[in-house]
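Here the structure comes first, spelled out in structure tokens, and everything after it is commentary.
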2 protein chains.
Amino acid sequence: MSSQRPPHVDTPHAGTAPRRRQARAEETRRALLEAALTEFAEKGFEAASTRAIAHAAGAHQPQINYHFESKEELWRAAVDHLFGQLDEVFGAHTGDLDCHASARDRLAVLIRAFVHSAAELPELNRIMVREATTDSARLRWIVDRHTRPRFAEAVDAWRAAQIEGGVTPMDEAIFYYSFIGASSLVYVNAPEARLLGCDPSTPEFVSAHAEAVVRMFLPESPGPPDS
Amino acid sequence: MSSQRPPHVDTPHAGTAPRRRQARAEETRRALLEAALTEFAEKGFEAASTRAIAHAAGAHQPQINYHFESKEELWRAAVDHLFGQLDEVFGAHTGDLDCHASARDRLAVLIRAFVHSAAELPELNRIMVREATTDSARLRWIVDRHTRPRFAEAVDAWRAAQIEGGVTPMDEAIFYYSFIGASSLVYVNAPEARLLGCDPSTPEFVSAHAEAVVRMFLPESPGPPDS
DNA sequence: GTCTATAATTAGATAGAC
DNA sequence: GTCTATCTAATTATAGAC
């Protein structure tokens, strides 16, 4: 609704100096956002330090309160940014989603796309699991704004495939959380996985994982469509 | 190795007063441990407050440094305690694990037991996912002491079932993380699940979830053994 | 063992020079 | 817009009375 951008006077004369200053400010803002993402994902909201975020972005701590109103607003902007990235990555992986394909095949495409997205954006599921653990204003904000609509879409796709048949019968919420959990945990817990001798960052791992998740929910799967 | 218990002089005279004092200290210690569990699970190590833990336990903050050496030692004791509870709960759910049953049936029993354990002890997987996200001394400690041996056991059970046949073919690490994720996320994220209209705390939900996870990995499952 | 008081550090946010 | 300096509040850990 309300823009997170700081208010600024227009530059109708279009001088180059103000423009460059504005461009540099935009750079700072973006760097703070990216640094905030990884810091919030690794430490959680409360343990994350605005000083550390600013340092990682090559800026000073008070610039956070200048470009964003507060630590909480920075978090919100970072989460919005991250879900924007998810939509991009997810869209790139679904690509030509054939509307005339069977519900089962469409579900398989969505599952593969989500696994690849979870691998490319581990920060998203890290932040989600940190917030979803305790009821809070932040959790309600993120559920209302981002989780609930995506939950509804996933459940719709599942329901359609279940009506059509050929999928493992399962309650919708059980499907949703089993699916998200099976798809994301190894990337969320990547540092632990590495200590256990597993590197989940290779393309081969991600593809094998995606096919495994498809088979978990669509047991009679004929394999990936491009093989 | 070294006991976390504070050093104390023996009471060879077995007076009642010292014994009662000791019993009360044991109570305090235990209350601190239980309070630490939920606080660390909800907030994470760094965001958790020793003052809040002490308050929840009906004690004062310096008592933590008396009964445990530091916040870090309290965390270690809490994690040890929690894995002890896991072994108890897990053992209660596997119960009469028939050594002469097929590897596939034994795996089904282990899966059901883990889902029920995850439902009863959401704190364990909350702490795990918080620590597994970033490499740290705490992560290495918990992996060496608790995760690696259990990972090996789970992989052994999976390997045996896979050799026998009748399970969804899958790499071991992919099985492990998909299994843990599918089994635990809905309980880890229970506050979010409730906002989405799902209550994962009922016995019916847990049983249905357990059967769903069994079918995800053992597609030709004949259903629960007691039905 | 339990408690009060406090030391030492660090957090997020703000004021004001430039 | 960016920077230094600083305010207030919260943190873990410790000292010492009881």
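The figures here come from the full heavy-atom set of this structure, side chains too, leaving out hydrogens, waters and symmetry mates. Letters A, B, ... mirror the listed sequences (proteins, then strands); counts begin at 1. For clarity, every value in this text was computed on a predicted model and none was experimentally measured.
- Taking only side-chain atoms of Gln61(A), from C-beta outward, the nucleotide of dG12(C), dA13(D), dG1(D) with the closest atom is dG12(C).
- Atom C1' of nucleotide dA11(C) and atom CD of Glu39(A) are separated by 13 Å, given to the nearest angstrom.
- Ion pairing between Glu73(A) and Arg76(A) holds under the 4.0 Å rule for side-chain N and carboxylate O.
- Distance His60(A) NE2 to dG16(C) P: 20 Å, rounded to the nearest Å.
- Rounded to whole Å, atom C1' of dT14(C) lies 8 Å from atom CG of Asn65(A).
- Backbone-only engagement by Ala48(B) is indicated by non-hydrogen atom pairs under 4.0 Å involving sugar-phosphate atoms exclusively.
- Between the Ser207(A) side chain and the Glu204(A) main chain, no donor and acceptor come within less than 3.5 Å of each other.
- Of all nucleotides listed (dG1(D), dG12(C), dT14(D)), dG1(D) comes nearest to the side chain of Ala25(A).
- Of the listed nucleotides (dG12(C), dT4(C), dG1(D)), dG12(C) has the atom at the smallest distance from the side chain of Lys71(A).
- Proximity note for Thr28(B) (side chain, C-beta onward) versus dT2(C), dG12(C), dT14(C): the nearest is dT2(C).
- Pairing each heavy atom of Asp135(A) with each of Pro191(B), the nearest pair is N-CB, 3.8 Å.
- For Pro62(A), taking side-chain heavy atoms from C-beta onward, the closest of the listed nucleotides dT4(D), dG1(D), dG1(C) is dT4(D).
- With rounding to the nearest 0.5 Å, the separation of CG in Leu139(B) from CZ in Arg194(A) is 11.5 Å.
- If you check distances only, the side chain of Arg51(A) does reach the base of dG12(C) with a donor-acceptor pair under 3.5 Å.
- Salt-bridge annotation for Asp144(B) and Arg148(B): present, with a side-chain N of the basic residue lying under 4.0 Å from a carboxylate O of the acidic one.
- Between the CZ atom of Phe68(A) and the P atom of dA13(C) there is a distance of 13 Å, given to the nearest Å.
- Going from atom CG of Leu32(B) over to atom P of dC3(C) covers 11 Å, rounded to whole Å.
- If you measure from atom CD of Gln63(A) to atom P of dC3(D), you get 5 Å, rounded to the nearest angstrom.
- The CD-P distance, from Gln22(B) to dT2(C), rounds to 11 Å in whole Å.
- Distance, His67(B) NE2 to dA13(D) P: 15 Å, rounded to whole Å.
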